[in-house]
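The structure appears right after this line, and notes come after that.
Keep in mind that this is a model prediction, so the values were computed, not measured. Chain letters run A, B, ... following the sequence lines, proteins first, then strands; residues in each count from 1.
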There are 2 protein chains.
Amino acid sequence: MSESFMKNTTSRRAFLRGSAAAAVAAGAGAGAAKAAEPDPLITEVQDWAAGFGDGVDATPYGLPIRFEDDVIRRNVEWLTADTISSINFTPIHALDGTITPQGCAFERHHSGAIELRKEDYRLMINGMVETPLVFTYEDLTRFPRENHVYFCECAANTGMEWAGAQLNGAQFTHGMIHNMEYTGVPLRTILEEAGYSTDGKWVYVEGADASSNGRSIPMEKALDDVLVAFKANGEALRKEHGYPVRLVVPGWEGNMWVKWLRRVEVMDAPVESREETSKYTDTLADGTSRKWTWEMDAKSVVTAPSPQSPITHGPGPLVITGLAWSGRGAITRVDVSKDGGKTWETARLAKPGETRALTRFYLDTEWDGGEMLLQSRAMDDTGYVQPTKAQLREVRGENSIYHNNCIQTWWVRETGEAENVEVS
Amino acid sequence: MSESFMKNTTSRRAFLRGSAAAAVAAGAGAGAAKAAEPDPLITEVQDWAAGFGDGVDATPYGLPIRFEDDVIRRNVEWLTADTISSINFTPIHALDGTITPQGCAFERHHSGAIELRKEDYRLMINGMVETPLVFTYEDLTRFPRENHVYFCECAANTGMEWAGAQLNGAQFTHGMIHNMEYTGVPLRTILEEAGYSTDGKWVYVEGADASSNGRSIPMEKALDDVLVAFKANGEALRKEHGYPVRLVVPGWEGNMWVKWLRRVEVMDAPVESREETSKYTDTLADGTSRKWTWEMDAKSVVTAPSPQSPITHGPGPLVITGLAWSGRGAITRVDVSKDGGKTWETARLAKPGETRALTRFYLDTEWDGGEMLLQSRAMDDTGYVQPTKAQLREVRGENSIYHNNCIQTWWVRETGEAENVEVS
């Protein structure tokens, strides 16, 4: 390199230089790298550059490359008696950004994922309405539609962690969540079309699968931001996400997002169905139950480093990243602790938090190579602060299954490996 | 239904009632539909509700349901001599919202899609830098990273339409475009790390495939918003989109978004490589060529109704929808014409336009059942207005291939079918 331009070199942080990134041997220039011991990756024509690749007709609909075949939904066999009434988990430890691709977005079924053609699809709206109506799929596409990105979190997400640290990976502790761009018609529009009675205080929504998974939703929410959705991330819903039509109930527990939506009944009282009494109520410390806990409180988790995404490099620059969300509004701040909650640093939000959507956070830091007790703590625009596990147990006891939004701890060892632990 | 609540019925638009949506026969209530001729879809237990569906272990990584198997990338055989140096098209006629799933996002290769492991990946930065460097994939993940949604449009999108209406479908006329949420490191960060010379006015970027597809980018752009990206829509880039690392050059023609990025050289002049001289220059009416036409001008297209997405219902409510974008900034307004540009109505933007990202627009209208000459016209925040084909030809002639951003016309017939036409 000539002296002339070195004098004009811009100032910089020399972030990785001298640590991880390899400086090319002196004399290196355009296509003329000549190190003492030539690196075949630099000096030879690599296999992948020596021939042609696949043509544009190879994959009409593409899948991830085979080297990423571990980035998949996973289920936990012991969790339920049968996989048709079970759940799988989004591989959040391996994702970045905020959008969840449909192909790896978690599923939860009550009687399995059914196959229902658009042509056969019908949506009935009945009960306390002026004119009960039945819509075809095409009918729905004729109403003004909207686009919104929302997270969908199962009420049971992190539910296995109430009694102690159970599952070793962010995918399993926090992966009952996905975040997609939905296209659909406001439920309000459909209710207005049928002429809902103002005496109607609730809607009862059910799906076309065998479970029907009926849930009662207060009319106030039904008229607010609920969508009758038919696209996610631009394309048709996947079979396992309710093709051709599902309900989107922003910020509220995932089981209310009824898939294969077939009926909306306007009622003056809730149904108190199986799925909202025997399930999805919270048993408190004193043995009593609280019900109608629809909104998902503010929550966050460090996705990397984490048990399935260990640190594989030495000390020096480290990006700590994770997700934060709130069913009550937008995330305004996320703090990260490396010492189990003794001290906190405010993370950088990739974008300003959006209402009821996932927010990505980053802490760009230096790792000294020592152990860490990694935590994250989310705050939303209602002023709510994500609680510690101890704070949550004080109010809720240890008998709950649902609505565990406590701070998660990963113990990162000197090796870079991480483990799910509790700190007192 | 009882009289009591009918009196309290809310006012509504009766949007579809009496036209498409079927009113349930009198007496219909919750689960008690009794029409004169019972509709089996309403009164019987449907097949899909009579048994169980698939369990959560059925599809670790999901694909679209088989009923949507026409929503795929398609290529045009006569376009190039070989599919390894060709392009395919995003099925934009069948998508909604703004995000393009990776699985159906268009591909353009110069020597085919190569398979390159993360472990083998190297990125060299050399030329007018203080310290030439070679980064591994892991090195890149240690720099502070960003998330942004950007469109990527091939310079040749709509290129077959210069001489006249050629291809019958929005997928083929406008489908060389996709829009994804990228995660990556600013190129600026990498340049600073190597200590780029302020005498360096250009960077030359090349890929690891056999073509190398080298392109020169002015330093001003390289330091602005260019990303060295490794995730799209949350997950790893697909093989066909440059796994594991591609360049993202927001708003600029797609061929500069070098895939399998292997080298960035800081230079004092552009290289004038094959891919920026014999290709990607515009031949004007007088036979001279203009080069360095990097930015994609404001453009829009109605995606439905369109030739591949005809109107399948009768007169009445109709949603006209499409996409708009600008390489120079954000879309501020889209107008829609039903009469070939004589009169215009301003469409509704699903969200305020975002810089260098796709914007979805809707016109919620009434179709009288007659013929339409559908057009859309985009405006961006620089004040630019998408031109007519005649206006564009006046300046550019008919010899160009690239950068055709003129207003598109679909002739919609009384049958609802649509065709690609030109209007004078």
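Heavy-atom pairs under 4.5 Å with chain A peak, among B:A210, B:A236, B:A113, at B:A113. Each of B:A304, B:G51, B:G207, B:P101 has some count of heavy-atom pairs under 4.5 Å with chain A, and the biggest count is that of B:P101. By number of non-hydrogen pairs under 4.5 angstrom with chain A, the leading residue of B:D57, B:D268, B:L123, B:T321 is B:D57. When B:I92, B:L95, B:L237 are compared by the number of non-hydrogen pairs under 4.5 Å with chain A, B:L95 comes out ahead. Taking A:T312, A:T141, A:T100, A:D82 one by one and counting their heavy-atom pairs under 4.5 Å with chain B, the maximum is reached by A:T312. When B:G97, B:G53, B:G55, B:A94 are compared by the number of non-hydrogen pairs under 4.5 Å with chain A, B:G53 comes out ahead. The residue among A:G103, A:C104, A:A105 with the most heavy atom pairs within less than 4.5 Å of chain B is A:G103. When each of A:E107, A:R117, A:H110, A:R108 is checked for heavy-atom pairs under 4.5 Å with chain B, A:R117 comes out on top. Ranked by heavy-atom pairs under 4.5 Å with chain B, the first of A:D209, A:V71, A:T98, A:N75 is A:T98. When the candidates A:A232, A:A50, A:P60, A:S212 are compared by the number of heavy-atom contacts under 4.5 Å with chain B, A:P60 comes out ahead.
Partner B:E240 forms a side chain to side chain contact (heavy atoms under 4.5 Å, CB included) with one of A:D54, A:T59, A:V56, A:I65 and no other, that one being A:T59.
In this structure, A:N147 and B:Y362 approach most closely via the heavy-atom pair ND2-OH, 2.9 Å.
Counting heavy atoms from C-beta outward, B:R66 and A:K239 have side chains that stay 4.5 Å or more apart. Looking at heavy atoms from C-beta onward, A:E235 lies in side-chain contact with B:P64 at the 4.5 angstrom threshold. Side-chain contact between A:K118 and B:E68 is present, with heavy atoms from C-beta onward closer than 4.5 Å. You'll find the side chain of B:Y61 reaches within 4.5 Å of the side chain of A:L63, heavy atoms only.
At a 4.5 Å heavy-atom cutoff, the contact between A:L116 and chain B is made by backbone and side-chain atoms alike. Looking at A:R145, the atoms closer than 4.5 Å to chain B (heavy atoms on both sides) sit in the backbone and in the side chain alike. If you measure heavy-atom distances from A:T83 to chain B, the contacts under 4.5 Å come from both the backbone and the side chain. Contact of A:A208 with chain B is made through backbone and side chain together, with heavy-atom distances under 4.5 Å.
Taking a 6.0 Å sphere around CG of B:D47, one finds it holds 12 or fewer heavy atoms contributed by other residues, nucleotides or ligands.
Within the model, atoms CD of A:E115 and CZ of B:F67 stand 4.0 Å from one another, a figure rounded to the nearest 0.5 Å. Distance check: A:E181 CD to B:D96 CG gives 8.5 Å after rounding to the nearest 0.5 Å. Note: B:H313 NE2 to A:T136 OG1 = 9.5 Å, rounded to the nearest 0.5 Å. Rounding to the nearest 0.5 Å places CD1 of B:I114 at 9.0 Å from CD of A:Q46. Note that CZ of B:F52 is 9.5 Å distant from OG of A:S211, once rounded to the nearest 0.5 Å. Taken to the nearest 0.5 Å, the CD1 atom of A:I99 stands 14.5 Å off from the NZ atom of B:K231.
For B:R238 (side chain) and A:G62 (main-chain N/O), a donor-acceptor pair under 3.5 Å exists by modelled atom type. No donor-acceptor distance shorter than 3.5 angstrom exists from the side chain of B:R142 to the backbone of A:L318, with no hydrogens or angles considered.
Annotation: side-chain hydrogen bond (donor to acceptor under 3.5 Å, both in side chains) contacts of A:R348 (sequence neighbours excluded): A:D364. Residues forming a side-chain hydrogen bond (donor to acceptor under 3.5 Å, both in side chains) with A:T80 (at least two apart in sequence, or on another chain): A:S86.
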